[in-house]
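Read the structure below first, then the notes.
Chain letters run A, B, ... following the sequence lines, proteins first and then strands; every chain starts at 1.
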There are 2 protein chains.
Amino acid sequence: MANENPSLSERKKLILKAIVEAHIDGGEPVGSKYILQNTLMSCSSATIRNEMAELEQMGYLVQPHTSAGRVPSEAGYRFYVDSLVEQYAKTTHEVVQINHLLKAKMSEIDQILETASRLASSMTNYTGIAIKPKASSVTMSKFELVSIDKKQFAMVMITSSGAVKTKKITTDQPIPDGALLKLSELMNLLLCGLSADMINLPIIMEMENEMGDAAFLVSPAVKCVWEVMSDIDGGELRYSGLNHLLKYPEYSDTQQLGQLLGTLEDQDEILDLVSETEGDDISVVIGSESPVKVMNNSAFVFKPIKKNGRTVGVIGVLGPRRMNYRQVLKTIEEIGGSIAVMFDEEKQLKEGNNRKGDGDGGK
Amino acid sequence: MANENPSLSERKKLILKAIVEAHIDGGEPVGSKYILQNTLMSCSSATIRNEMAELEQMGYLVQPHTSAGRVPSEAGYRFYVDSLVEQYAKTTHEVVQINHLLKAKMSEIDQILETASRLASSMTNYTGIAIKPKASSVTMSKFELVSIDKKQFAMVMITSSGAVKTKKITTDQPIPDGALLKLSELMNLLLCGLSADMINLPIIMEMENEMGDAAFLVSPAVKCVWEVMSDIDGGELRYSGLNHLLKYPEYSDTQQLGQLLGTLEDQDEILDLVSETEGDDISVVIGSESPVKVMNNSAFVFKPIKKNGRTVGVIGVLGPRRMNYRQVLKTIEEIGGSIAVMFDEEKQLKEGNNRKGDGDGGK
DNA sequence: ATTAGCACTTGACCTCAAAGAGTGCTAAAA
DNA sequence: TTTTAGCACTCTTTGAGGTCAAGTGCTAAT
């Protein structure tokens with residue numbers, strides 16, 4: 001297939017590499033003069049031109065038009081990539097961060113909001129937005145430990161708001177018989193009702209003390225609890241269906257679109273905008289009614305999602321100012337309503353339970 | 001604030017509404033003649049022009065330039081939206097679907113892939129892609145039921161691949177004492193090792209028979225199991241960081257960008273492209289090397305994610321053909337490696353366990 | 001084999017005029 | 001007093017023509 005690769009002279013390789021990298025960098029055709037200046041070549045531009053002409057004949061370069069510089073062809077990129085492919089090496093530094101992020105799971109609310117955003121986008125053909133404001137003061141109301149095998153168990157946590165969280169925990173040593181039962185009793189006794197910052201060293205030490213020879217289980221378990229609780233906190237903004245915006249000529253100016261997206265990335269501005277608008281009902285922000293300047297040509301329809309009276313998120317739709325408000329309003333109302341119903345069902349059941357048998361895991 | 005709203009004559013309202021809707025539809029300034037033709041107005045264009053002039057003076061309309069039609073101003077949209085806001089009503093038909101989608105949770109693999117895609121995008125400044133191919137033959141290896149309150153319990157399921165799934169189940173009637181224990185025994189006995197399509201009516205009937213007066217628990221529980229198992233199946237494609245593409249002049253042509261995104265939405269083409277390329281290693285598809293025509297100016301770097309020897313997903317980066325291959329290759333390799341390590345840890349632990357004590361939840 | 005110099009090609013950019021769309025205004029009609 | 005018809009006016013859009021700069025290919029000299 002690519003049989004002539006080895007037949008490239010060293011200088012040709014150097015020139016090809018220089019062209020590819022220059023083009024990657026700048027995006028424009030690169031001329032002989034540019035190469036001369038940006039690489040340490042001991043020859044003139046004419047020589048480079050000759051080599052370039054040959055490289056073009058071989059199929060590695062392409063001229064967009066007669067008097068433009070050269071651009072790498074597919075084969076050119078292919079050669080570059082193939083000769084590069086052995087070179088990359090892991091930078092262990094970044095790997096740690098990757099690992100951390102990968103292991104962080106999505107919370108339940110996150111998932112609902114994400115799905116809602118996706119839904120809103122696909123139903124309206126605009127961009128769906130989901131915002132999770134900074135929540136706080138989550139506590140656990142019940143723990144349950146489920147053995148998976150000798151060295152693994154799952155921790156099931158039920159939060160004060162009734163959400164069920166699962167974490168899988170892996171230990172170095174085999175788990176002694178009965179240790180899980182003991183640990184779960186202990187956690188239900190000591191950790192229920194505590195917010196993340198109330199779990200401190202004395203509590204952990206007491207737990208380790210009580211656990212005896214299975215004390216090694218305490219640290220990872222508590223760490224898990226802590227992670228889950230802090231996972232629930234933290235404001236975030238998700239959007240989906242950006243591609244829909246491209247259909248509208250308002251955003252054919254890539255500049256503006258880029259700015260708008262930048263604003264979305266920033267998050268803070270949108271979060272401000274949303275938190276400014278109080279009330280449970282659906283809101284419509286049109287153009288410069290918002291403090292965000294970039295949104296001059298856009299409109300933003302959104303609705304807070306309440307759970308037990310507290311705002312747990314916002315879902316919405318972002319589109320051109322001339323968006324189909326009728327449809328969007330309907331859709332957001334529907335999705336918001338659906339989520340509210342979901343939460344309401346949970347709430348009613350919990351209240352019913354509180355009235356009948358409170359304090360089953362009491363502290 | 002908007003005090004003069006009621007002072008609009010009926011005809012003005014009608015015209016304003018027509019202009020807003022025409023503009024929503026077409027995106028261009030709308031002239032008097034157009035309105036005359038597209039609404040059933042019994043007057044001439046001159047009359048409409050007069051009204052439009054007045055509406056403009058009132059601030060509801062705006063002329064981009066002297067000889068263009070009118071475009072609704074912010075106030076115009078505001079008036080339209082406000083007068084519309086009471087009108088939207090729920091179409092209960094769609095609500096059902098919304099509910100269904102909202103309640104579907106993300107699987108663990110999904111979350112990892114999603115995070116990976118996000119990571120890849122933010123680390124490379126191109127578009128991150130995560131693909132979950134059609135998986136199959138998931139079975140459950142253990143069930144555990146955890147009571148939440150009188151009418152709610154959580155079902156913890158451990159799949160054959162070791163993933164932990166949780167579903168919360170809400171019942172109409174209070175759950176009899178001991179019923180959960182019985183049900184969990186029954187499920188562990190009858191459902192372990194079965195794939196989704198092997199759970200059939202006879203099994204369910206036997207379970208209901210065994211459960212006696214708590215038979216009402218069986219149906220929702222089995223349904224849940226089934227949902228979780230089919231949630232794990234099904235190919236899907238996620239991408240994130242589309243906005244990064246806007247930075248590159250290759251995609252400043254909104255047309256092309258739109259087509260490319262359309263291809264991504266289609267999913268099938270990309271799924272084909274990926275499944276065609278076999279092997280564990282990182283792949284680079286440059287431009288028209290791929291069968292997808294739209295990708296002429298683009299390149300796609302991806303790597304399959306294996307778990308226990310089976311491909312469970314693909315992560316990758318999509319960008320302009322002149323992407324920074326060095327960086328992208330490195331990043332994908334890193335993320336892929338991190339995921340592999342995560343899976344490997346799980347695998348090793350499971351194997352260690354299998355050797356020592358297999359069949360703890362045996363059937 | 002390399003280099004210097006020059007003619008040549010071609011897209012980018014600017015200007016200008018013609019065309020087209022839609023208005024505002026005025027005067028007549030209802 | 002309100003509506004309508006007609007017409008001049010304004011402003012964008014489009015395409016043609018012309019200049020400019022970039023970068024090449026080629027030839028002749030080193």
message: I need the single residue from B/Tyr248, B/Phe302, B/Phe300, B/Tyr251 that forms a ring-ring contact (aromatic ring centres under 6.0 Å, His included) with B/Tyr126. Which is it?
response: B/Tyr248

- line: Looking only at heavy atoms, the pair that brings B/Ser32 and B/Ser45 closest together is CB-O, 3.8 Å

- prompt: Separation of A/Asn50 atom CG from C/dA1 atom P, in whole Å?
  reply: 11 Å

- prompt: OP1, OP2 of D/dG6 versus side-chain N and O of B/Arg49: anything below 4.0 Å?
  reply: no

query: Is there a side chain to side chain donor-acceptor pair (under 3.5 Å) between A/Thr127 and A/Ser121 once you walk through the steps?
result: CA-CA 5 Å; A/Thr127 293; A/Ser121 166; 6.0 Å; no

query: For the side chain of A/Ser44, counting heavy atoms from C-beta on, which of C/dA4, D/dT3, D/dA5 is nearest?
result: C/dA4

- prompt: NE2 of B/His65 versus P of C/dG22: gap in Å, rounded?
  reply: 9 Å

query: So, is A/Ser32 near the phosphate of D/dG23, with a side-chain N or O under 4.0 Å from OP1 or OP2?
result: no

- prompt: To the nearest Å, how far apart are A/Glu54 CD and D/dC26 C1'?
  reply: 15 Å

task: Could you tell me the separation between the NZ atom of A/Lys33 and the C1' atom of C/dA4, rounded to a whole number of Å?
output: 14 Å

- request: State whether the number of non-hydrogen atoms from other residues, nucleotides or ligands found under 6.0 Å of B/Glu28 atom CD is greater than 12.
  value: no

message: In whole Å, I'd like the distance from the CD atom of B/Glu51 to the C1' atom of D/dT4.
response: 14 Å

task: Calculate the interatomic distance between B/Leu61 atom CG and C/dG22 atom P; express it in whole Å.
output: 15 Å

task: Considering just the side-chain nitrogens and oxygens of A/Ser67, establish if one lies under 4.0 Å of OP1 or OP2 belonging to C/dT10.
output: no

message: I'd like to know if B/Arg70 reaches the base of C/dG24 with its side chain such that a donor and an acceptor end up less than 3.5 angstrom apart.
response: no

field: Toward the 5' end of DNA chain D, by each residue's nearest nucleotide, B/Thr66 or A/Thr66
entry: B/Thr66

query: Atom CD1 of A/Ile48 and atom C1' of D/dG23: how far apart are they, to the nearest Å?
result: 13 Å

field: Verdict with reasoning, B/Glu114 to A/Arg118, per salt bridge (Lys or Arg N to Asp or Glu O under 4.0 Å)
entry: CA-CA 14 Å; B/Glu114 173 106 17; A/Arg118 236 178 261 283; 3.7 Å; yes

- prompt: Counting side-chain heavy atoms from C-beta on, which of D/dG25, D/dT24, C/dT2 comes nearest to A/Arg11?
  reply: C/dT2

field: Protein-nucleotide distance (A/Gln63, atom CD; C/dG11, atom P), rounded to Å
entry: 11 Å

